[in-house]
Engineer: 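The structure's right below; bear with me while I get my questions together.
Residue numbering restarts at 1 for every chain, and letters A, B, ... go by the order of the sequence lines. Bear in mind that the values here come from a model prediction, so they are computed numbers and not experimental data.
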Amino acid sequence: MKKFYITTPIYYVNDMPHIGHTYTTIMADVIKRYKKLRGYDVFFLTGTDEHGQKIEKSANKQNITPKELADRVVKRFKELWEILNIEYDNFIRTTDSYHMKGVQKIFKKLQNKGDIYPGEYKGHYCISCESFVSDTAKNSDNGNKICPDCGKTTEKVTEKCYFFRLSAYRDKLLKYYEKHPDFISPKTRMNEVTSFVKMGLNDLSISRSTVKWGISVPGDSEQTIYVWFDALTNYITGINYYKEDEMFKKYWPADLHIIGKDILRFHAVFWPAFLMAADIGLPKKELVHGWWLKDDKKMSKSTGNVLDPKILLEHFNPDSIRYFLMREASIGSDGNFSHQGFIDRINTDLTNDWGNLISRTGGMIEKYLNNEFKLSVKYSKREEQIKKEYITLEKNVLESFDNYQYNKGLKKILGFINYLNKYIVETEPWNLAKSEENREKLNAILKTLVRAILSINALFSPVIPETSEKIKKIFNFSESGFGWKDPGEIFKINKVEQLFPRVSNKDFFSNKNGEKEKKMEDEKISEDEGLINFDYFKKVEMVVAKIIDVKKVENTDKLLELIVDAGTDKRTLVAGIAQYYKVEDLNNKKIIIVKNLKPIKLRGILSQGMILAASDANGRPYIPIIPEETPVGAILK
RNA sequence: GGCGGCGUAGCUCAGUCGGUAGAGCAGACGGCUCAUAUCCGUUAUGUCGGGGGUUCAAUUCCCUCCGCCGCUACCA
C-alpha cells in the first residue's frame with residue numbers, strides 16, 4: 001500500500017484559531033480523505049508551536065505559566081478541529097517530550113557534523129527593554145549605543161550563540177530546485193525562492209540565550225534553540241524521528257507540506273537545508289496557498305477583522321464551511337471572504353442544487369413508490385447516457401483533485417448536478433406517476449437518480465464528509481469508493497432530512513454578529529472615500545529637527561546618512577537624496593521629520609524616521625527648509 | 001529601481017498555441033409543481049486596462065503607458 005504523509009504548519013499559540021488556520025487544516029483533511037479513498041495509507045500531522053519569547057511574555061502578562069497558556073489555546077484548536085471533522089493522526093505540541101528529544105537529536109547531529117558551530121553575537125543590550133539594540137543605533141557620549149525605544153544607554157554584550165552553516169547550502173539548494181521544479185507549487189513561489197537563494201545566504205543564528213522558554217541546546221543549558229528550528233523539526237518528530245522507528249521509516253519523506261505564503265522562506269530554504277545537513281530526505285512537495293482576505297482586505301489583529309469560524313458555525317454546518325473554503329479559493333492566489341458571498345455560495349450550491357436534488361428525488365420515491373423499489377427495471381438509452389456522462393465527469397473531477405484543484409473539481413460536480421435537475425424536468429416523473437403503465441419507466445428514472453446521487457456523493461465525500469454519511473444512510477448504502485454506484489434491484493430508502501437548511505440574509509444579519517458585520521462595512525465605505533479622521537492624522541508625529549551631521553553612506557549612490565536633533569533626542573536618518581542634495585546644502589538646516597515611523601535598516605544603518613520632502617513627477621525631492629528661528633522639536637499639526 | 005504576476009459582463013472568474021468572447025451569481029421574462037419560494041427554459045449588458053506595432057485578421061504575439069498585487073533592493 002502506498003503511503004502519503006501530509007502536514008499542516010504547527011500553529012503558534014499566541015493566536016486563537018481563525019479562518020486562516022481553518023483553511024489550511026481543512027485543506028489537509030480534504031486531501032487526506034481523498035488520498036485515503038484513492039487507496040493510500042495516509043498520515044496527517046498537525047499541531048501547535050508553543051515556545052518563544054512572545055509566549056513567555058503573554059503568559060507573564062496573564063499571570064500564568066507559558067505551558068498553561070499553551071494548554072488553553074491547544075484546547076481551542078482541538079475543539080474547533082473536532083467540530084470541523086478534522087481527522088488528524090497526530091497533534092504534535094512542541095512542548096511534548098518526544099518532540100523536544102527529537103529536536104535535540106537533530107541539533108546534535110548537525111553539531112557533530114560541524115554545520116552547527118558556536119559563535120558570537122556581538123550586540124548592544126538594553127536592560128530595561130530586555131532586548132538587543134541594532135548595531136546601527138546611534139552612539140551615546142561614552143561610545144555605547146542608545147536604545148531607540150527607551151533612549152537609555154545600552155551595554156555592550158558579547159553573547160555566545162550557535163550558528164547554522166546555511167551559507168554552505170546555497171548551491172545545493174539551487175541544484176535541488178532545478179532538479180525538482182515542482183518542489184514548490186505554484187511556480188511563482190518557486191521563482192521567489194530561487195531568486196532569494198541566488199542572492200546568497202548568511203549563516204543563521206539558531207540559538208538564543210535571552211529566551212528561556214524553549215528547548216535547550218544539547219550540552220549548553222544557557223542556550224535555547226531558535227523557535228523556527230524547533231518548529232520546523234515537528235514534521236519529522238511528529239512521526240517519531242527521535243526513535244527513528246518503523247513509523248518514521250515508513251512515512252518520511254513527507255509527500256506534502258501545506259503552508260501559507262508568509263512562511264515560504266522557512267519551509268523552502270531553511271527547512272530543506274537543515275534536512276540536507278542531517279542527511280535526511282527532503283519533503284516531496286510544498287503547496288503554498290494564499291491568504292483569505294476579508295472584504296478585500298488583509299485580516300489582521302490590528303484592524304480587528306479577523307474572522308472567527310465560530311460565527312459561521314452558529315448558522316451553518318461544518319460541511320458548509322469546508323465546502324466554501326475549498327470551492328471559493330484557488331490554491332496560490334488569495335481568496336476573498338465576505339459573509340454575503342458565503343451565504344450566496346452555500347445557498348446556491350448546497351441548498352438549492354445538491355440538497356434540493358436529493359430532497360426532490362427522495363420526495364418522489366416516498367410519494368410514488370412508498371420509499372421502496374420493488375421492481376427490477378431495464379434502463380433506457382437516456383439512463384445509460386447518464387451513467388456514461390458520470391464516468392467522464394468522474395475522470396475529470398479526479399484529475400482536478402489529483403492536482404489539488406478542488407475548486408475546479410467541485411465546479412464540475414455542480415455542473416453535473418444541474419444536468420440531473422434538467423433530466424428530472426425533461427422526464428417529468430410526476431406525469432409518469434399518474435398512470436400505472438408508466439410504472440417501470442418511473443422506477444428506472446428514480447433509480448437512475450439514486451445511483452447518480454450516490455456516485456456524486458462519493459466524489460463529494462472528502463469535502464463534505466458528514467453530509468456524505470447522512471446521504472448514504474438515507475439510501476441505505478454503505479459502500480465507499482468511487483465509480484458508478486448501484487444499490488441493487490430491490491431496496492428501501494429512508495425519509496429525507498434537510499441536509500442544508502436555508503440561511504436567509506435576515507437570519508444571518510439580524511443577530512449581533514451581523515450588526516458587527518454591518519458596522520464594519522460602513523467603516524469600509526468611509527475609508528473608500530479616501531478620507532481619514534483627525535485621530536488618524538494625529539498618529540503621525542511630525543517635528544522640526546536640526547541637521548547636525550551629514551555624510552554619504554559608503555558604496556551607495558543615493559543614500560545620505562543624517563544625524564538630527566529632534567528635540568527630545570538625537571537620531572539617525574537615512575534618506576535617498578544624495579543625487580540631489582550635497583552635504584553642505586543640508587548641514588545645520590532645520591527640516592521636518594516624521595518621528596514615529598517604524599525604524600528600518602537601510603544599507604546596514606538604522607533609519608529612525610523620515611525627512612519630509614515634496615517630490616515631482618520624476619521623483620526628485622524638494623526638502624522644505626524651516627526658518628532658523630523655529631525651535632527644534634516643534635510639533636507640526 | 002529590479003524580477004514575476006494580474007487587469008475580460010454589475011460581481012466572482014474561465015478562455016482564445018491569432019479568426020472581434022463565455023460560465024456561475026445577481027437582473028428581466030416565461031414554464032413546471034416532485035422539491036428547502038427550490039428547479040427548468042429564454043434573455044440584456046462587454047470598444048476583452050489605454051495607446052502603438054506585426055498580420056488579410058489581435059482580446060490572444062511584440063512594444064509602450066496606466067493601475068493593482070507578490071518578492072526584492074542603495075524607497076521610507
Engineer: Hey, which of these two, T351(A) or F196(A), hits RNA chain B nearer its 5' end, going by closest nucleotide?
Structural biologist: T351(A)
Engineer: Residues two or more places apart in sequence or in another chain: which of them pass side-chain hydrogen bond (donor to acceptor under 3.5 Å, both in side chains) with T448(A)?
Structural biologist: none
Engineer: Please tabulate, one pair per line, each protein N/O and nucleotide N/O from nucleotides 14-16 of chain B that are separated by under 3.5 Å, including the distance.
Structural biologist:
none

Engineer: Counting any heavy atom closer than 4.0 Å, what does L602(A) reach on the DNA or RNA strands: base, sugar-phosphate only, or nothing?
Structural biologist: base
Engineer: Using only heavy-atom distances, determine whether the side chains of N356(A) and S359(A) contain a donor-acceptor pair under 3.5 Å.
Structural biologist: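 The criterion, which ignores hydrogens and geometry beyond distance, is not satisfied for S359(A) and N356(A).
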Engineer: rU36(B) C1' sits how many Å from K470(A) NZ, rounded?
Structural biologist: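 Value for this atom pair: 14 Å.
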Engineer: Rounded to the nearest Å, what distance is computed from the CG atom of residue N418(A) to the P atom of nucleotide rG24(B)?
Structural biologist: 8 Å
Engineer: Do any pairs count as a salt bridge (Lys or Arg N to Asp or Glu O under 4.0 Å) and have a residue in residues 363-375 of chain A, sequence neighbours left out, and if so which ones?
Structural biologist: E366(A)-K495(A)
Engineer: With sequence neighbours excluded, give me every side chain to side chain donor-acceptor pair (under 3.5 Å) pair touching residues 412-424 of chain A.
Structural biologist: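 Checked against side chain to side chain donor-acceptor pair (under 3.5 Å) - neighbours excluded - the pairs reaching residues 412-424 of chain A are R360(A)-N421(A), E383(A)-Y423(A), E389(A)-Y419(A), S400(A)-K412(A).
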Engineer: Would you measure the distance from the C1' atom in rC65(B) across to the matching atom in rA28(B) and give it in whole Å?
Structural biologist: 40 Å
Engineer: Between rU59(B) and rU54(B), how far apart are the two C1' atoms, rounded to whole Å?
Structural biologist: 16 Å
Engineer: If you measure from the P atom in rC61(B) to the same atom in rA14(B), how many Å do you get, rounded?
Structural biologist: 16 Å
Engineer: With side chains defined as the heavy atoms from C-beta onward, is the minimum distance between I547(A) and I563(A) less than 4.5 Å?
Structural biologist: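 The answer is no; the side chains never approach within 4.5 Å.
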Engineer: Specify the separation, in whole Å, of atom CZ of R345(A) and atom P of rC13(B).
Structural biologist: 11 Å
Engineer: Mapping V193(A) and R327(A) onto RNA chain B by nearest heavy atom, which one lands closer to the 5' end?
Structural biologist: R327(A)
Engineer: Between rU47(B) and rG22(B), how far apart are the P atoms? Round to whole Å, please.
Structural biologist: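 Pairwise P distance, rG22(B) against rU47(B), rounds to 16 Å.
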Engineer: Round to the nearest Å and state the distance from I343(A) atom CD1 to rC11(B) atom C1'.
Structural biologist: 16 Å
Engineer: Compare the minimum distances between each of rC40(B), rU38(B), rC74(B) and the side chain of R502(A), then state the nucleotide with the smallest one.
Structural biologist: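 Taking heavy atoms from C-beta onward, the closest nucleotide is rU38(B).
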Engineer: For S461(A), which residues count as a side-chain hydrogen bond (donor to acceptor under 3.5 Å, both in side chains) partner, sequence neighbours excluded?
Structural biologist: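 Per chain and number, S461(A) pairs via side-chain hydrogen bond (donor to acceptor under 3.5 Å, both in side chains) with no residue.
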Engineer: For T24(A), which residues count as a side-chain hydrogen bond (donor to acceptor under 3.5 Å, both in side chains) partner, sequence neighbours excluded?
Structural biologist: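 T24(A) satisfies side-chain hydrogen bond (donor to acceptor under 3.5 Å, both in side chains) with H289(A) once adjacent residues are dropped.
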Engineer: Separation of F416(A) atom CZ from rC40(B) atom P, in whole Å?
Structural biologist: 14 Å
Engineer: Can you list the residues that meet the side-chain hydrogen bond (donor to acceptor under 3.5 Å, both in side chains) rule with Y177(A), with sequence neighbours excluded?
Structural biologist: none
Engineer: Dot-bracket for RNA chain B, please, read 5' to 3', with Watson-Crick or G-U wobble pairs under 3.5 Å on both distances, ( ) within the strand, [ ] crossing, | other strand, . unpaired.
Structural biologist: (((((((..((((........)))).(((((.......))))).....(((((.......))))))))))))....
Engineer: What pairs with F324(A) under ring pair (Phe, Tyr, Trp, His ring centres under 6.0 Å), at least two apart in sequence or on another chain?
Structural biologist: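 Here the qualifying residues are W292(A), F337(A), F342(A).
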Engineer: Taking ring pair (Phe, Tyr, Trp, His ring centres under 6.0 Å) as the test, write out the residues that go with F477(A), two or more places apart.
Structural biologist: none
Engineer: I'd like to know if the side chain of S320(A) pairs up with that of N317(A) as donor and acceptor (distance under 3.5 Å, no hydrogens or angles considered).
Structural biologist: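 Side-chain D/A pair, S320(A) to N317(A): present.
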Engineer: Taking atom P in both rA23(B) and rC75(B), compute the distance separating them and give it to the nearest angstrom.
Structural biologist: 49 Å
Engineer: Can you confirm if the aromatic rings of W354(A) and F460(A) lie within a centre distance of less than 6.0 Å?
Structural biologist: yes
Engineer: Please identify each residue that fulfils salt bridge (charged side-chain N to carboxylate O under 4.0 Å, His left out) with K589(A), with sequence neighbours left out.
Structural biologist: none
Engineer: When all nucleic acid strands are considered with a 4.0 Å heavy-atom cut-off, which category describes L357(A): base, sugar-phosphate, or nothing?
Structural biologist: nothing
Engineer: I358(A) CD1 to rC39(B) P: how many Å, rounded?
Structural biologist: 14 Å
Engineer: Looking across every strand, which nucleic acid part, if any, lies under 4.0 Å from A433(A) by heavy atom: base, sugar-phosphate, or nothing?
Structural biologist: nothing
Engineer: Let me know the distance between OH of Y580(A) and P of rC75(B), rounded to the nearest Å.
Structural biologist: 13 Å
Engineer: Can you tell me, in whole Å, how much space there is between the C1' of rG19(B) and that of rC48(B)?
Structural biologist: 15 Å
Engineer: For rG41(B) and rU60(B), measure between their P atoms and round to the nearest Å.
Structural biologist: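 Roughly 34 Å separates the two P atoms.
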Engineer: Using atom C1' in both nucleotides, what's the gap between rU42(B) and rC32(B) to the nearest angstrom?
Structural biologist: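 Result for the C1' pair: 15 Å, nearest Å.
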Engineer: Using atom names, set out every protein N or O paired with an N or O of nucleotides 25-35 of chain B below 3.5 Å, distance rounded to 0.1 Å.
Structural biologist:
from, atom 1, to, atom 2, distance (Å)
rC34(B), O4', Y368(A), OH, 3.2
rC34(B), O2', R360(A), O, 3.4
rC34(B), O2, R360(A), NE, 3.1
rC34(B), N3, R360(A), NE, 3.3
rC34(B), N3, R360(A), NH2, 2.6
rC34(B), N4, R360(A), NH2, 3.0
rA35(B), OP1, K367(A), NZ, 3.4
rA35(B), O2', N356(A), ND2, 2.6
rA35(B), O2', S359(A), OG, 3.1
rA35(B), N1, R360(A), NH2, 3.2
rA35(B), N3, N356(A), OD1, 3.2
rA35(B), N3, R360(A), NE, 3.2

Engineer: Taking CD1 from I605(A) and P from rC74(B), how many angstroms apart are they, rounded to a whole number?
Structural biologist: 11 Å
